[in-house]
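First, the structure itself, so that you have it in front of you.
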Amino acid sequence: MPELPEAETIVRDLRRRVPGHCVTGLKVTHADVLGPGLNPRRLARELKGLCFRDVGRRGKNVVLHFDRDRVLAVNLGMTGRLVVSESPRAAELRHVAVRLDLDDGHALLYDDTRRFGRLELHTTATWAERSAELGLEPLAPEFTAAALHKLAGASRTRIRNWLLDQRRVAGVGNIYANEALFRAGVHPARPANCMSAREAAKLRDALVAVLTEAIAARGTTLSDYRDAAGEAGGFEPRLQIYGREGEPCPVCGQTIQRVVLTNRSAFFCPRCQR
DNA sequence: AACGCGCCCTGTCCGC
DNA sequence: TGCGGACAGGGCGCGT
């Protein structure tokens with residue numbers, strides 16, 4: 001669920017909150033959110049006493065940087081949340097999996113109803129290797145129309161599916177893939193390699209625009225997403241196509257359709273998207 | 001080797 | 001009111 005704008009919102013929240021604070025203790029209540037090779041005992045041993053240096057993002061991952069070269073990478077899956085305990089909303093959390101106690105008496109909580117999320121403990125070096133498996137950052141200067149056109153030109157898979165592959169472009173999920181394709185006028189089932197250079201340029205601009213607007217609105221909450229204060233995002237009312245099957249297209253009035261592509265819904269306007 | 005598919009898990013909603 | 005099925009923002013491992 002949480003895609004790039006939601007991860008970025010959490011990162012910006014946490015960056016104002018945790019750097020300079022230290023981990024005094026740690027409690028794991030659902031060990032299945034820990035990545036391969038990680039267990040509650042080891043996580044506690046490695047993180048206890050360490051202090052937060054910075055908070056970053058790579059694709060959909062929230063990346064917590066500690067001193068002593070330690071990195072905790074958090075992939076939120078579908079229902080993962082990172083919420084600070086002093087927020088009144090923290091009382092609403094029903095599925096806390098990991099609690100990081102901070103030296104100010106509060107805590108950083110990882111909550112995840114479906115437990116599809118994963119926490120990975122890295123060094124700077126191993127995180128760099130992991131990060132290298134991810135594709136272009138859509139909001140970085142390297143994400144140009146030419147780069148997108150070239151990358152997509154190498155794949156025959158449907159463009160909606162292609163956009164969800166984190167190894168090509170990192171951070172785009174089903175909501176923003178659908179929104180960007182609508183804005184660009186590209187049908188979600190089109191093969192990635194049949195986009196013209198002009199269409200690739202429109203898709204690039206649409207992705208950058210929708211991700212930027214969604215960050216400004218603090219993300220999309222369909223049901224589960226919350227920021228680090230436990231508050232919902234404000235972008236859902238501004239979704240133009242996602243989840244709007246049967247409603248009129250906001251551009252031409254034609255009825256919005258839904259198709260299932262590899263087990264996931266795609267929404268499109270049959271007149272605007274070819 | 002690039003794809004599609006099934007699965008991981010809980011919650012909600014809808015039709016009967 | 002209860003029950004079964006569909007569906008949900010993600011990503012991994014497997015088979016072809």
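A note on names: the letters A, B, ... follow the listed sequences, proteins ahead of strands, and every chain is numbered from 1. The figures here come from the full heavy-atom set of this structure, side chains too, leaving out hydrogens, waters and symmetry mates.
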Determine the Euclidean distance between corresponding P atoms of dC9(B) and dC3(C); express it in Å to zero decimal places.
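One P to the other, the span is 23 Å.
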Side-chain N,O (R258(A)) to OP1/OP2 (dC7(C)) below 4.0 Å
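Checking dC7(C) against R258(A), a side-chain N or O does come within under 4.0 Å of OP1 or OP2.
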Answer yes or no: does a side-chain N or O of S223(A) lie under 4.0 Å from OP1 or OP2 of dG11(B)?
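It does not, given that no N or O in the side chain of S223(A) lies less than 4.0 Å from OP1 or OP2 of dG11(B).
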Within the structure, does a side-chain N or O atom of R114(A) lie under 4.0 Å from either OP1 or OP2 of dG11(B)?
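R114(A) to dG11(B) OP1/OP2: no side-chain N or O under 4.0 Å.
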Ring centres within less than 5.5 Å and planes less than 30° apart: is that true of F116(A) and dC8(B) in this structure?
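Yes, the aromatic ring of F116(A) stacks with the base.
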Interatomic distance where CG belongs to D112(A) and C1' belongs to dG11(C) [whole Å]
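These atoms are roughly 13 Å apart.
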Return yes if a side-chain donor-acceptor contact under 3.5 Å exists between S265(A) and R258(A), otherwise no.
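Side-chain D/A pair, S265(A) to R258(A): present.
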Please report, rounded to the nearest Å, how far the P atom of dA1(B) is from the CZ atom of R168(A).
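Between P of dA1(B) and CZ of R168(A): 14 Å.
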How many Å lie between CG on N174(A) and P on dA8(C), as a whole number?
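Spelled out: CG on N174(A) to P on dA8(C) is 8 Å.
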Any protein N or O atoms within reach of nucleotides 12-16 of chain C? Criterion: under 3.5 Å, listing atom names and distances.
{"unit_1": "dC12(C)", "atom_1": "OP1", "unit_2": "R130(A)", "atom_2": "NH2", "d": "3.3"}

Side-chain N or O of R115(A) closer than 4.0 Å to phosphate OP1/OP2 of dT10(B):
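Checking R115(A) against dT10(B): at least one side-chain N or O falls below 4.0 Å of OP1 or OP2.
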Nearest whole angstrom, please: distance from the P of dG10(C) to the CG of L222(A).
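Between P of dG10(C) and CG of L222(A): 10 Å.
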Could you state the atom-to-atom distance from CG of N263(A) to P of dC7(B) in whole Å?
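So the CG-P distance, N263(A) to dC7(B), works out to 10 Å.
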N/O (side chain, N75(A)) to phosphate O (OP1/OP2, dG11(C)) under 4.0 Å:
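Answer is yes, contact under 4.0 Å.
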List the steps, then state whether side-chain contact (heavy atoms from CB on, under 4.5 Å) holds for I159(A) with M195(A).
CA-CA 9 Å; I159(A) 185 65; M195(A) 275 193 304; 3.7 Å; yes
Below 4.0 angstrom, N of the basic side chain to O of the carboxylate: do E231(A) and R218(A) qualify?
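Result for this pair is no, no salt bridge flagged.
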Decide yes or no on side-chain contact (heavy atoms from CB on, under 4.5 Å) for N75(A) and F116(A), but give the supporting numbers first.
CA-CA 9 Å; N75(A) 186 296; F116(A) 284 177; over 6 Å; no
Under 3.5 Å, is there a donor on one side chain and an acceptor on the other for E236(A) and Y225(A)?
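No.
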Taking side-chain contact (heavy atoms from CB on, under 4.5 Å) as the test, write out the residues that go with A147(A), two or more places apart.
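If we apply the side-chain contact (heavy atoms from CB on, under 4.5 Å) test to A147(A), skipping adjacent residues, the hits are L136(A), T144(A).
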Distance in angstrom units between R81(A) CZ and dG11(B) P, rounded
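My rounded result for the distance is 12 Å.
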Separation of dA2(B) C1' from N193(A) CG (nearest whole Å):
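Nearest whole value for this atom pair: 12 Å.
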For DNA chain B, produce a single dot-bracket line, 5' to 3'. Pairs: Watson-Crick or G-U wobble, both distances under 3.5 Å. Symbols: ( ) within strand, [ ] crossing, | other strand, . unpaired.
.|||||||.|||||||
Any salt bridge linking E8(A) with R12(A)? Criterion: basic side-chain nitrogen under 4.0 Å from a carboxylate oxygen.
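Counted as a salt bridge, because a side-chain N and a carboxylate O are separated by less than 4.0 Å.
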Distance check, P atoms only: dG11(C) and dA1(B), in whole angstrom units.
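The answer is 24 Å between these two P atoms.
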Figure out the OH/P separation between Y242(A) and dA8(C), and round it to whole Å.
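Y242(A) atom OH is separated from dA8(C) atom P by 6 Å.
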